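Values below: every heavy atom of this structure, side chains too, minus hydrogens, waters and symmetry copies. Atoms within each ligand, like the ligands themselves, are counted from 1 in listed order. The model shown is predicted, which means the values in this text are computed figures rather than measured ones. We count residues from 1, following the sequence as given.
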Amino acid sequence: MSDEEDDIILSELDDEELVAQMFDDLYDGLKEEIEEGVNILLERKWEPYDVLTKALVGGMTIVGNDFRDGILFVPEVLLAANAMKGGMAILKPLLIETGAPRVGKMVIGTVKGDIHDIGKNLVGMMMEGAGFEVIDLGINNSVEAYLDALAAETPDILGMSALLTTTMPYMKVVIDTMVEKGIRDDYTVLVGGAPLNEEFGKAIGADAYCRDAAVAVETAKEFMSRKHNQMAAG
Ligand code: B1M
């Protein structure tokens, strides 16, 4: 860290300067500074969701671009991810409503061969915040791991995340296996991750592709209300 950076007192910056500084701190993987920045924005009455999307996800987008362009490498990106997780840990309880009636249940995990989990964690947090019970299977999930969890947890929704173009086809392997076993229609399957799109979601037989965590929540709620209407009609 340079002397100049040493001198910066985060709480003395205005909101715009602070967010810009948090982008820099996330880029530099400075977890404590990110945690401090998150706490300051919350003290300034920022909504937790705005802190998440504007300060943390915004900063991670810059990291992602420089990773893509070969300016940053895996060790630096890991530090940035670690700093982001520090900020997310503070926001998590604030995004999760207490005592809300359970809207539904979701099992979510990142697919086999893929260790990216920040987006998945964010989706899980937002779903919990919206009143869903979330069973998080973590990363690198095989078909068997998903199927075992479906059998054990009987969720309404299966969520799958993939961040690599090489791992996203594995979602189709999971869905095809569900079809083979005759259980596909027992669940709503939602998929997401940066390299996916709507077309891909349709092509692999998912119920919907979710662009981000907020869309995942909206889509999950929509499918739950359809399910309730069907049950009421039947
Ligand atoms: Co990785 N990585 N990475 N990486 N990494 C990407 C994905 C990449 C796009 C970077 C780049 O080149 N620009 C690139 C993939 C290129 C491609 O496939 N075409 C890439 C690569 C190449 C790799 C490695 C192969 C690098 C290497 O080793 N040479 C390697 C792969 C390891 C593996 O998985 N086997 C690797 C490793 C890593 C780290 C470990 C260093 C780290 C992960 C740390 C962690 O997750 N714990 C990492 C990171 C951090 C990234 C970037 C920079 C950021 C990802 C992220 O967390 N974004 C990423 C670049 C990028 O995406 N711009 C990159 C923030 C997060 C909030 O967004 O995950 O998109 P996202 O989630 C969103 C939505 O997509 C959606 O909602 C979320 C919230 O709004 N969503 C869902 C996600 N999952 C969902 C599930 C749902 C619904 C919505 O279910 C219902």
Interfacing atoms of ligand 1 (cut-off 4.0 Å, heavy-atom, [X]):
| X | value |
| --- | --- |
| M60 | 58 (N), 65 (C) |
| L122 | 67 (C), 79 (C) |
| L190 | 90 (O), 91 (C) |
| A213 | 77 (O), 79 (C), 80 (O) |
| K85 | 47 (N) |

Strictly inside 4.0 angstrom of [atom], do you find any protein heavy atom?
| atom | result |
| --- | --- |
| atom 38 (C) of ligand 1 | yes |
| atom 49 (C) of ligand 1 | yes |
| atom 9 (C) of ligand 1 | no |
| atom 59 (C) of ligand 1 | no |

Legend entry - Any side-chain heavy-atom pair of T61 and N65 under 4.5 Å: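 Side-chain contact under 4.5 Å: yes.
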
Legend entry - Which residue and heavy atom of the protein sit nearest atom 47 (N) of ligand 1, plus the separation: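 I find the closest protein heavy atom is D117 OD1, 2.8 Å.
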
Inset, instruction - For atom 81 (N) of ligand 1, grab the closest protein heavy atom and report residue, atom and distance to one decimal in Å. - result: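 For atom 81 (N) of ligand 1, the nearest protein heavy atom is G193 N, 3.5 Å.
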
Inset, instruction - Could you tell me if any non-hydrogen atom of M126 lies under 4.0 Å from any atom of ligand 1? - result: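 M126 does not count as a contact of ligand 1 under the 4.0 Å cut-off.
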
Inset, instruction - Report yes or no: does M106 have a heavy atom closer than 4.0 Å to ligand 1? - result: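 Judged by the 4.0 Å heavy-atom criterion, M106 does not count as contacting ligand 1.
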
Inset, instruction - Step through the shown structure and confirm whether more than 12 heavy atoms of other residues, nucleotides or ligands are within 6.0 Å of CD on E47. - result: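 Incorrect, the count does not exceed 12.
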
Inset, instruction - Count the heavy atoms of every other residue, nucleotide or ligand shown that sit under 6.0 Å from NZ of K105, and state whether that count exceeds 12. - result: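 More than 12 within 6.0 Å, yes.
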
Legend entry - No-hydrogen, no-angle side-chain donor-acceptor test under 3.5 Å, Y27 and D66: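 The answer is yes; a qualifying pair exists.
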
Inset, instruction - Would you tell me whether Q21 and D25 have side-chain atoms, one donor and one acceptor, within less than 3.5 Å of each other? - result: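 Yes, side-chain donor-acceptor contact under 3.5 Å.
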
Inset, instruction - Return a yes/no value for G113: is any of its N or O atoms, backbone included, closer than 3.5 angstrom to an N or O of ligand 1? - result: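 Such a contact does occur with ligand 1.
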
Inset, instruction - Walk me through it: do D156 and M106 pass the test side chain to side chain contact (heavy atoms under 4.5 Å, CB included)? - result: CA-CA 6 Å; D156 306 287; M106 177 173 80; over 6 Å; no

Legend entry - Minimum non-hydrogen distance to atom 17 (C) of ligand 1, winning option of T165, N140, L196: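 That would be T165.
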
Legend entry - Identity of the nearest option to atom 86 (C) of ligand 1, non-hydrogen atoms only, from R68, M160, M171, M84: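 Shortest heavy-atom distance from atom 86 (C) of ligand 1: M160.
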
Inset, instruction - Treat each ILVMFWY residue as a node, draw an edge where side-chain heavy atoms are under 4.5 Å apart, and state whether I204 and V174 are in one component. - result: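 Yes.
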
Inset, instruction - Could you see which bit of D114 sits under 4.0 Å from ligand 1, with heavy atoms only: side chain, backbone, both or neither? - result: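 Both parts.
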
Legend entry - 2.8 Å cut-off (strict), protein N, O or S atoms about atom 1 (Co) of ligand 1: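 Under the 2.8 Å cut-off, the count stands at 1.
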
Inset, instruction - Over all heavy atoms of both residues, which pair between M126 and Y49 is shortest? Give the atoms and the distance, please. - result: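 Minimum heavy-atom separation between M126 and Y49: CE-CE1, 3.2 Å.
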
